[in-house]
Amino acid sequence: MRGEILGAERRRFWHDDDKLEIVASVGIAGASVTQVAQRHEIKRQQIYAWRHELKKKGLWSPDAGALFFPVDLPVAQAPVAEAPPSVAVELRLRGGRSLHFESTIDPAALSALIRVVDAA
């Protein structure tokens, strides 16, 4: 069996500027990582590795070059829930004690009040 070498094996050196340009070209005009990798004859994983490397060096940010435009969206107003009407409540405690309070009282305040009156 014979084998034939079709091309010379090559190992390319990429400068940070070149890496940054390639990484930044992902998403421009809808270019995917795969398309950019094929265009530069590299593996997709190489682009991800360069992203990580450039982030660590502080040379690239995912938000770099991001543009934000103001958008006015209609906001639906939530219906305002009407508070239930306040009702007078009488609570009879042991020992003949009783508490009179409004039904709208804060539950934590009511619990504290019951403990105080019950302990007296």
Shortest non-hydrogen contact between [X] and [Y], atoms and distance:
{"X": "Thr34", "Y": "Arg44", "value": "OG1-CD, 3.0 Å"}
{"X": "Ile47", "Y": "Val23", "value": "O-CG2, 4.0 Å"}
{"X": "Arg51", "Y": "Val33", "value": "NH2-CG2, 4.0 Å"}
{"X": "Ser103", "Y": "Pro85", "value": "OG-O, 3.9 Å"}
{"X": "Ala31", "Y": "Val36", "value": "CB-CG2, 3.9 Å"}

Using 0.5 Å steps for rounding, measure from the [atom1] atom of [X] to the [atom2] atom of [Y].
{"X": "Lys57", "Y": "Trp50", "atom1": "NZ", "atom2": "CH2", "result": "11.5 Å"}
{"X": "Phe101", "Y": "Asp106", "atom1": "CZ", "atom2": "CG", "result": "12.0 Å"}
{"X": "Ile42", "Y": "Trp14", "atom1": "CD1", "atom2": "CH2", "result": "6.0 Å"}
{"X": "His40", "Y": "Ser25", "atom1": "NE2", "atom2": "OG", "result": "4.5 Å"}

For the pair Gln46 (side chain) and Lys43 (backbone), establish whether a donor and an acceptor sit closer than 3.5 Å, ignoring hydrogens and angles.
-> no
Verdict with supporting geometry, Asp16 and Glu53, side-chain contact (heavy atoms from CB on, under 4.5 Å) = CA-CA 10 Å; Asp16 284 344; Glu53 175 189 332; 3.8 Å; yes
